[in-house]
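Remarks on the structure that follows.
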Amino acid sequence: MNVVPVQPPGEPAGPARNEPPALELRGVDKHFGAVHANRSVSLTIAAGTVHGLVGENGAGKSTLMNIVYGYHRADAGEIRVHGRRADFRRPHDAIAAGIGMVHQHFMLVENFTVLENVVLGAEGGRWLAQGLARARAELERIARNHGLAVPLDAVVEQLPVGMQQRVEILKALYRGAEILILDEPTAVLTPQETSQLFTLLGRLREQGKTVIIVTHKLREIMAVTDRVTVMRQGAVVHETDTSATSERALAEQMVGRSVLLQVEKTPARPGGVLLAVKDLEVRDRFGVPRVRRASFELRAGEILGIAGVAGNGQTELLEALAGILTPTRGEIVLQGRNLVRGRVGPRERRRLGLAHVPEDRLRMGIIGDFTAQDNAILGQQDRPAFSRGGFLRRAAIAAACEHKLRNYDVRPPEPGRLLSAFSGGNQQKLVLAREIDGDPQVLLIGQPTRGVDIGAVEFIHRQLVALRDAGKGLLLVSVELDEILGLSDRILVMFGGEIVAELSRAEATEQKLGLLMAGVKEGAA
Amino acid sequence: METYTLIVLLLAATIRVATPLLLAALGGMFSERAGVIDLGLEGKMLGAAFASAAVAAVTGSAWAGLGAGILVSVALALLIGFAGITHRGNQVVAAMAVNIMVAGLGPSLALAWFGLGGQTPQLNAPSQRFLEITWPWAEQARATPAPGLLYAELLSGHSLLVYFAAALVPAAAWVLHGTRFGLRLRAVGENPAAVDTAGLSVNGLRYQAVLISGVLCGVAGTYLSTAASAGFVRDMTAGKGYLALAALIFGKWRPYPTLGACLLFAFTDALAARLQGVALPVVGVIPVQFILALPYVLTVLLLAGFVGKAVAPKAIGVPYAKED
């Protein structure tokens, strides 16, 4: 690096010597239409540090980083990189200034090889063959230096997620990144992959790189960063050395009030079996088994958690139970009635006391272009309370919806508002309200707090525990280990479509679950 | 005529019918691999057929006709691109609008300019057309059936544009897989956000792809009106653009399989022409309507039966917009 500082550094931040900060933002402001995404944000990040940027969904963290990466342009404000004034019009400019970004949704071409992905946009010449050969040599050197082994000729879609993330990091380093931004890097990783990532980030720091981590997982901030900045509603509200703060303090700064990170609950008192699954097998449309020989029982008054890395059959299991997918073999018995043999469809299952909060609410749970009140009766529209003789009872629907919005603290409580105008957390609360108010015996719930802010998480968790205490059976699928550990009374681990372990809550530790989720058999570890 | 001669002539006809299909399908391949649905093949070809015949008739030069054909086709491609890429409109709707517009505009302009009932004047002079090129000793070679007739009918005796189309297949394959441009093009059809964050212009790449399709459709249209026939007539593409799109899908968006699909469709077409009025054993004379429908029936069957597992470029048809 031969960056010449234009002016002497303003403040000697962090552990830096007499060096300008790697990144300095002053008064960065950004609007998207009516949304004020960033409010005059000022931020200084010292070179050679790992800096955390935390905040709830919609706090403006990703927008801010996308501005630094040149993907969006700020309406106002100033950016300095290594002391030099920068005006990025597009990612190309930011890349040239030594900034690399690993997006939350990987920016990889899935049917390309690793090598092709890395060189895309930096091919080194018009003809591919020579460029690829040169890149291969260079990448092997980078991989050795950073301990970042990646199979260069593998097709990306066949690599595990953790490896795909390494491809993204490699991509940034290949382009000469000195500042590496990672947006929610651990959302899709197993605990083991996460700790590998953190080791790697530590090595990058030792080599003088600057790392910025954007996340809402406070534990990770505490584990890996030197300094942390908290954002709320588009503005920076707090900045501190990591050693001088705690998870609880950061959470309060994020939400703006005190929150419970751990749900309070009494020990479960399981009753009779509500749902029994025997030898269940589900295949996808290519005939590949997604759920293999799954058997378990769900009792009244318990929360049964299903842990696993995304894509190990949990989705298919939930959908088969809900009646969306048809199993190829096995049985599902709901309160004594065999749903598979009886060919009981989703609507009839609902009538029998099964409710379903789908994992992907945008795809299966709600219709964004419908109002809150119409969403609040989806799947229940033919109940006498909501319709008569094929005509909707509008007044009754609106009244019922308003009641739900108030009871579940959905903000703003306006039944006539389009659902897409609510935040993710409020949408999820409405889905939950709809499903719980249907008075189910069994609630299937997938990723209850995906894309939901901390404040709403607390509320949702309390509702689920209350439902359990009312004697219902809950089947909880979540990729968030904290959530599984915090809510479940009993835990199943899925790997490769199989239920590889059943643990009581007392036996389950994060370490143990992490290994099982990664497919390591007990005893082998 | 003996069977052998019949088969050779059938294959020669197949090559001629396949040429415009192949040119259009390869054009569509560039567009669709970049993520832009190319339903406008039909309109671009038809527009080019009209423009090239009209200009060739007026100037007396087939090459001027070719230039005009390409120009019009490119202009139409840019129009669809402007709606679908720059303004993120629905690509299918934009392309269909152009197809319908051209279907009416060609004959109208022809009527206004030439007064010949929606046609262009007959291209009589050899300089106005891309005529068959006879290779050395082709006529003499006819005498010896086995290699000679093949040489005379299949290799020799085609328009320059036919040879151009044939050479285009390996060229397209190489551009797609051997060049930086090809890599970027394939990437933008799969994951435009990856291209954007890599510091490249998504729309720029898509315009380049659409432009290539415009040029190739221009050549295809010119072939129809100045090589395969001697002038423009109303609806002369007769669905060839859609057939080319079907061939592209059947060929899974790859150059060589697409060539195979074009040849297959062309073969059924040529066969249908041969079978008209011919009494077959057992079934007797097959009604003309049925024979003419044969290529289309085959297309439907092939697409329904075999292409179920063809994987389209992932981002096809989706206008690119940055996320917030």
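So that the names make sense, note that chain A is the first sequence line, chain B the second, and so on, each numbered from 1. Reckoned from all heavy atoms, side chains included, excluding hydrogens, waters and symmetry mates.
Of all heavy-atom pairs between Asn191(B) and Phe106(A), the closest is ND2-O, 4.1 Å. Across every non-hydrogen atom of Met107(A) and Ala193(B), the tightest pair is SD-CB, 3.4 Å. Of all non-hydrogen atoms in Leu108(A) and Ala194(B), the two that sit nearest each other are N-CB, 4.1 Å. Pairing each heavy atom of Leu128(A) with each of His177(B), the nearest pair is CD1-O, 3.6 Å. Closest approach of Leu200(B) to Gly121(A), counting heavy atoms only: CD1-CA, 3.7 Å. The two residues Leu120(A) and Ala198(B) come nearest to each other via the heavy atoms O-CB, 3.6 Å.
The environment of Tyr163(B) atom OH is dense: over 12 non-hydrogen atoms of other residues, nucleotides or ligands sit within 6.0 angstrom. The number of heavy atoms from other shown groups lying within 6.0 Å of CZ (Arg73(A)) is above 12. Within a 6.0 Å radius of CZ in Arg180(B), more than 12 heavy atoms belonging to other residues, nucleotides or ligands are found. Taking a 6.0 Å sphere around CD of Gln233(A), one finds it holds 12 or fewer heavy atoms contributed by other residues, nucleotides or ligands.
Per-residue counts of heavy-atom pairs under 4.5 Å with chain B were compared for Gly70(A), Pro91(A), Ala37(A); the largest is that of Pro91(A).
Asn111(A) pairs with exactly one of Glu190(B), Lys314(B), Arg186(B) by the side-chain contact (heavy atoms from CB on, under 4.5 Å) rule, that one being Glu190(B).
Rounding to the nearest 0.5 Å gives a distance of 9.5 Å between CG of Asn66(A) and OG1 of Thr197(B). Taking NE2 from His92(A) and OG from Ser201(B), the interatomic distance works out to 11.5 Å, rounded to the nearest 0.5 Å. Atom-to-atom distance recorded for Leu183(B):CG and Leu132(A):CG is 7.5 Å, nearest 0.5 angstrom.
Heavy atoms closer than 4.5 Å to chain B are found in the side chain of Arg90(A), but not in its backbone.
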